[in-house]
Asker: 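First the structure, which I've put down as structure tokens, then a few questions once you've had a look.
Basis for what follows: all heavy atoms, side chains included, without hydrogens, waters or symmetry-related copies. Protein chains get the first letters and strands the later ones, always in sequence-line order, with residue 1 at the start of each.
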Amino acid sequence: MAENNFPKTYDHKSREAFWQKFWEREQIYKFDEKSKKPIYSVDTPPPYVSAEHLHLGHIMSYSQAEFVVRFKRMQGFSVFYPMGFDDNGLPTERYVEKKYNLDKSKIERAEFIKKCLLETKLGAQNYKKLWTSLGISCDWSKTYSTINPHCQKISQWSFLDLYKKGKLVRREEPIHWCPKCQTALAQADLEDKEEEGLISEIEFQIEGKPYFVATTRPELLAACVALFFHPKDSRYQHLKNKKAIVPIFNYEVPILSDLSVDKDFGTGLMMVCTWGDIEDIKKWKKYDLLHRPAITSKGTLSSLAKKYQGQNIQKARENILSDFKKIGKLKKQEKITHTLNIHERCGTPAEFVLTRQWFISLLENKEKFLARGRKLRWFPDHMRSRYNDWVKTLAWDWCISRQRYYGVPFPVWYCKKCQKAILPKEEEDLPVDPREEEPKIKKCPKCGSKEFVGEKDAMDTWMTSSMTPLIGARLVKNDKMQKKLYPATLRPQAFEIIRTWLFYTVVKSLYHHNSLPFFDVMISGHGLDEKGRKISKRLKNYIEPQKILSECGADAIRYWATGATLGENMRFSPEEIKKGKRLVVKIWNASRFCFLHLRNFTPAKNFTPKDFCDRWILDGLQKTIGAATKFFENYEYSKARRIIEDFFWHDFCDRYLEFVKYRLYTDSSRAVILKPRFIGAEESPGFQASQNLDSAKNTLYLVLLTILKLYAPILPFITEEIYQLYFKKIEKVKSIHLTLWPKVDKGFFWPEKEKVEFSKVLAAADAIRKCKTEKGISLGKEIESFKVSDKKIKEKFGKFLQKSLRVKRII
RNA sequence: GGGCACUUAGUUCAGUGGGAGAACGUUCGCUUCACAUGCGAAAGGUCGUAGGUUCGAUCCCUACAGUGCCCACCA
């Protein structure tokens, strides 16, 4: 090849864009539905398309999974790598509400959904652009969005199937409720938040005498249904079965005892309300207490609260306390820090509201879920304990109905007369929207009534997301292939959604197919800013990913993403990206050098290295292949990169290329570039110059090509560029990403004895360099003499040291 | 309160039952003909603390401390 085909510098900006188009045009990453190769299928995380929060953390985690996918593709697997977008449900609604400053209760459902769909579309475009720039090698003909009919159908099928299997029930019970989003929530939708609060001791009257009760939620006073004390608390024995008068509201409540009361907390006398926490609910059930809902679903006080009616929780709390002060019934107040359950999407403290919802039963199968968790292969392994912790602490079945607009509708109608649930009979009828459509049957099978009302609620977004392995597999129409794609091979995801996405998917697969949804789980950490803080919108500490991509190039950013061990959080680091850029340049330049000497060269099919130098580097190459393969197999891309880099930069560039120069530059056919200082090198002992040169060129060819392949999963652009410039015409595969992953060739192993011997030569070479450095002499300049005390080394390698390290005489 | 992870050079992190390492940064030298986005070299650490096991511990065990995360919870 002519030098002018190989420009002096590599312009990542134009070349990356070029290869993006090339890969798309040539369908390099397209899934072959007829392939006989073993399948590697990926349950790709569908990101929320409300794309404003898109940041480097996403780049990190998607890259990390993609390193492995590319590796598997080169290993000869038929890779199924679809891409989804999660665009239904509450997150999208919240995003749209905020962006357009909307109030759900003041806008038509149809109009609201229209806006959601629009945002969804914009978001998806954004993502596609970014993933393409990053070189994510998914198959863009296999995409889904969780609001599309395909996903709706599968979600609704899931509902039907669970209903038939008795895993699904609709019941009325106190459930976590977000007053802001005005919907029921599942346990997994809640987060902890520490907050400073006041604990106040307020006065109740019992038989005309004052007794004090400590509470952090005085606004629930109108919901008080009983007082409780510990059965062994001597202070209150005499109160058993008596009545207390609730202050301000002046009504009687029973006084009971229960072991769950902590004698030492507050005054030891506890007020039970409708419902401040889970303990209240337990006692409400156990003792069949009254239901006094003092808080409405909108988070304001109800008519039970009389003069406080309509006030929001915070306001009512302040007002009641100040009234207590006025009437002198507030004994003492203390500041305490306590933890609240807040809705993770909006940060509002959750309340309990008695409503009728659909639940998927979980609590009865905890042991089975744990068993499933043990069968999964976790990378890193310790992430398993997060799953276990969550399953063990589950306290609620999964509430899947949300009182929202934008989401998959429930495929269910209710008989107006007898409330019987009517479900579509056939899967083919799905998806349906009972909010818009009538059921197929004409009269209720139970009571014969002809009037029905469609379910208005939308499904929890995880109801759809938990089906992604199946959603992905069913993008392929061929039945047989579908069975190969599901369960998936790999689920890559972030650790914070183990309790939701991962857990719910395991549940679904167990209930639907009695199988695992996938075999391997790869858990990534999140991206942190330069100071180590989590990247968040609130802190405004994120950098526009597209901007960095065009400035530094995808390869450099992907290089940064290899920096963290799997599962560890990683800081954004301009330094690491710079290193990535330098590596790209280094690969470019090393390749330029090699190609300068490989013009019109045809590599031998099988060759035996003739020179110790060649044998040394080829032996090292085998070690590197072996280790890199093992690391990638275990999802340890970070270690793989390190070992490849060590070999490439230090062994290959710093040493081998220097050692081999004197042979290359004595190529008589390349007289043009003969350098005076290398003349005479053909006298190298033991071998004919031509033979020796041939060995060098074959070695260069093989080692460089192999290094490119090893780097290809991490640096897809630069490796493709170089492959296409030179190797393609010989290797005849249309992209480096379709070539086969290198295999360890034992034929290149070097006997231990020779290795030990050569390590002495390397030490001598280091010593010569050190000597020159210390004397301030350029490494290119010849020195008079250098002493090698080992006679054997001196005899065998003296000439080599003379020529490659520029020493006049080895003594 | 329970659990998990982490604690090694100025920084980011590898690592192993017997020699303490890399990269970046720092300092010094080198216009070297693939690459100054480079090459060579140097300085720099009681491997969190205290015990234990062992002939020998940075590594294994125990306790403690600090950091981060997850989970539960006092009304």
Side-chain angles (χ1 to χ4, degrees), chain A residues 3 6 8-10 187 190-192 199 213-217 220 227-228 260-273 275-280 283 336 338-341 380-395 495-496 498-499 525-526 528 532 534 556 563-565 567-571 573 575-576 578-597 638-639 642-643 645-646 649-650 653-655 657-658 661 664-665 673-678 765-766 768-781 806:
Chain A
E3 274 90 339
F6 210 119
K8 194 155 185 203
T9 56
Y10 168 71
Q187 188 182 355
L190 301 173
E191 253 176 17
D192 294 347
I199 182 157
V213 171
T215 179
T216 52
R217 301 204 55 186
L220 283 176
L227 293 189
F228 272 82
S260 69
V261 179
D262 182 353
K263 284 192 286 189
D264 301 321
F265 189 90
T267 60
L269 206 51
M270 167 189 186
M271 90 175 181
V272 169
C273 305
W275 298 282
D277 61 21
I278 194 166
E279 277 305 313
D280 283 353
K283 292 193 184 63
I336 58 159
H338 59 158
T339 319
L340 297 174
N341 275 327
D381 192 64
H382 67 82
M383 289 293 177
R384 188 196 309 274
S385 61
R386 302 206 178 203
Y387 173 90
N388 289 345
D389 282 358
W390 177 251
V391 174
K392 283 179 194 158
T393 57
L394 267 177
F495 63 75
E496 60 261 47
I498 288 175
R499 67 184 200 174
H526 38 233
L528 306 175
K534 189 176 173 176
T565 316
E568 297 291 316
N569 294 336
M570 187 169 49
R571 286 184 193 206
S573 155
E575 287 305 311
E576 281 297 304
K578 214 188 272 174
K579 271 172 70 185
K581 275 172 100 170
R582 273 202 288 258
L583 174 62
V584 168
V585 173
K586 187 77 178 174
I587 293 173
W588 177 257
N589 282 316
S591 304
R592 268 179 66 219
F593 171 80
C594 293
F595 298 151
L596 195 67
H597 298 282
S638 168
K639 288 180 188 168
R642 205 184 300 262
I643 194 154
E645 192 163 306
D646 242 25
W649 204 303
H650 302 303
C653 292
D654 292 347
R655 288 184 148 158
L657 291 185
E658 295 304 321
K661 270 179 184 169
L664 293 172
Y665 281 118
I673 55 164
L674 274 182
K675 306 294 174 193
R677 63 177 255 226
F678 293 112
D766 286 346
I768 293 170
R769 284 178 181 158
K770 187 171 176 174
C771 171
K772 289 187 182 183
T773 296
E774 277 170 357
K775 288 182 177 152
I777 301 168
S778 151
L779 294 176
K781 279 202 176 132
R806 307 288 298 137

Asker: Ignoring hydrogens and geometry beyond distance, is the side chain of A:Lys586 in donor-acceptor contact with the base of B:C35 at under 3.5 Å?
Answerer: yes

Asker: Donor-acceptor pair, distance only, cut-off 3.5 Å: does the side chain of A:Ser573 make one with the backbone of A:Glu576?
Answerer: yes

Asker: Can you name the residues that form a side chain to side chain donor-acceptor pair (under 3.5 Å) with A:Arg571, not counting sequence neighbours?
Answerer: none

Asker: Take atom NZ of A:Lys772 and atom P of B:C30, then tell me their distance rounded to the nearest Å.
Answerer: 14 Å

Asker: Output yes when a side-chain donor or acceptor of A:Asn569 lies under 3.5 Å from a complementary backbone atom of A:His526, and no otherwise.
Answerer: yes

Asker: Please identify each residue that fulfils salt bridge (charged side-chain N to carboxylate O under 4.0 Å, His left out) with A:Asp766, with sequence neighbours left out.
Answerer: A:Arg655

Asker: May I ask you to say what A:Asp280 touches in the nucleic acid, namely base, sugar-phosphate or nothing, with a heavy-atom cut-off under 4.0 Å?
Answerer: nothing

Asker: Starting at CG of A:Leu583 and ending at P of B:C35, how long is that distance when rounded to a whole Å?
Answerer: 18 Å

Asker: Report which part of the nucleic acid A:His650 touches: base, sugar-phosphate, or nothing (heavy-atom distance under 4.0 Å, all strands).
Answerer: sugar-phosphate

Asker: Specify the residue among A:Met383 and A:Lys581 whose closest nucleotide of RNA chain B lies further upstream toward the 5′ end.
Answerer: A:Met383

Asker: Does A:Ser778 have any side-chain contact (heavy atoms from CB on, under 4.5 Å) partners at least two apart in sequence or in another chain, and if so, which?
Answerer: A:Lys781

Asker: How close or far is atom P of B:C70 from atom NE2 of A:His382, stated in whole angstroms?
Answerer: 14 Å

Asker: Students often get this wrong, so: under 4.0 angstrom with heavy atoms, is A:Val272 touching a base, only sugar-phosphate, or nothing?
Answerer: nothing

Asker: Could I get the full list of side chain to side chain donor-acceptor pair (under 3.5 Å) partners for A:Lys639, not counting sequence neighbours?
Answerer: A:Glu636

Asker: What's A:Trp275 touching, base or sugar-phosphate or nothing? Going by heavy atoms closer than 4.0 Å.
Answerer: nothing

Asker: Under 4.0 angstrom, heavy atoms only, what part of the nucleic acid is A:Asp277 near: base, sugar-phosphate, or nothing?
Answerer: sugar-phosphate

Asker: When the distance from CZ of A:Arg384 to C1' of B:C71 is rounded to whole Å, what number comes out?
Answerer: 18 Å

Asker: Going by salt bridge (charged side-chain N to carboxylate O under 4.0 Å, His left out), name the residues that satisfy it together with A:Lys578, two or more places apart in sequence or in a different chain.
Answerer: A:Glu575

Asker: Give A:Thr215 one of three labels, base, sugar-phosphate or nothing, depending on what nucleic acid heavy atoms sit under 4.0 Å from its own.
Answerer: sugar-phosphate

Asker: Can you check the A:Arg386 CZ to B:C4 P distance for me, whole Å?
Answerer: 12 Å

Asker: Please produce a list of atom pairs where a protein N or O lies less than 3.5 Å from an N or O of nucleotides 25-28 of chain B.
Answerer:
none

Asker: Could you pull out all residues at least two apart from A:His338 that satisfy side chain to side chain donor-acceptor pair (under 3.5 Å)?
Answerer: none

Asker: Nearest of B:A75, B:C70, B:C39 to any side-chain atom of A:Asp654?
Answerer: B:C39

Asker: A:Lys586: what forms a salt bridge (charged side-chain N to carboxylate O under 4.0 Å, His left out) with it, not counting sequence neighbours?
Answerer: none

Asker: What residues, two or more places apart in sequence or in another chain, satisfy salt bridge (charged side-chain N to carboxylate O under 4.0 Å, His left out) together with A:Lys581?
Answerer: none

Asker: Give each stem of RNA chain B as a range with a range, requiring at least 3 consecutive Watson-Crick or G-U wobble pairs whose two distances are under 3.5 Å.
Answerer: B:1-7 with B:65-71, B:10-13 with B:21-24, B:26-30 with B:38-42, B:48-52 with B:60-64

Asker: Which comes earlier along RNA chain B counting from the 5' end, the contact point of A:Asp192 or that of A:Cys594, where each point is its nearest nucleotide?
Answerer: A:Cys594

Asker: In whole angstroms, how far is the P atom of B:C70 from the CD atom of A:Glu496?
Answerer: 8 Å

Asker: For A:Asp264, which residues count as a side chain to side chain donor-acceptor pair (under 3.5 Å) partner, sequence neighbours excluded?
Answerer: none

Asker: Taking the minimum atom-to-atom distance to the side chain of A:Lys579, which one of B:A23, B:A75, B:A72 wins?
Answerer: B:A23

Asker: When you compare the protein's N or O atoms with those of nucleotides 11-15 of chain B, which come within less than 3.5 Å of each other, and at what distance?
Answerer:
unit_1, atom_1, unit_2, atom_2, d
B:A14, OP1, A:Thr565, OG1, 2.7
B:G15, OP1, A:Lys639, NZ, 2.8

Asker: Distance check needed: B:C4 P versus A:Lys392 NZ, whole Å only.
Answerer: 10 Å

Asker: Could you work out the separation of B:G21 and B:G3 based on their P atoms and round it to a whole Å?
Answerer: 37 Å

Asker: B:C71 P sits how many Å from A:Leu340 CG, rounded?
Answerer: 15 Å

Asker: Please check: side-chain N/O of A:Gln187 versus main-chain N/O of A:Leu394, any donor-acceptor pairing under 3.5 Å?
Answerer: no

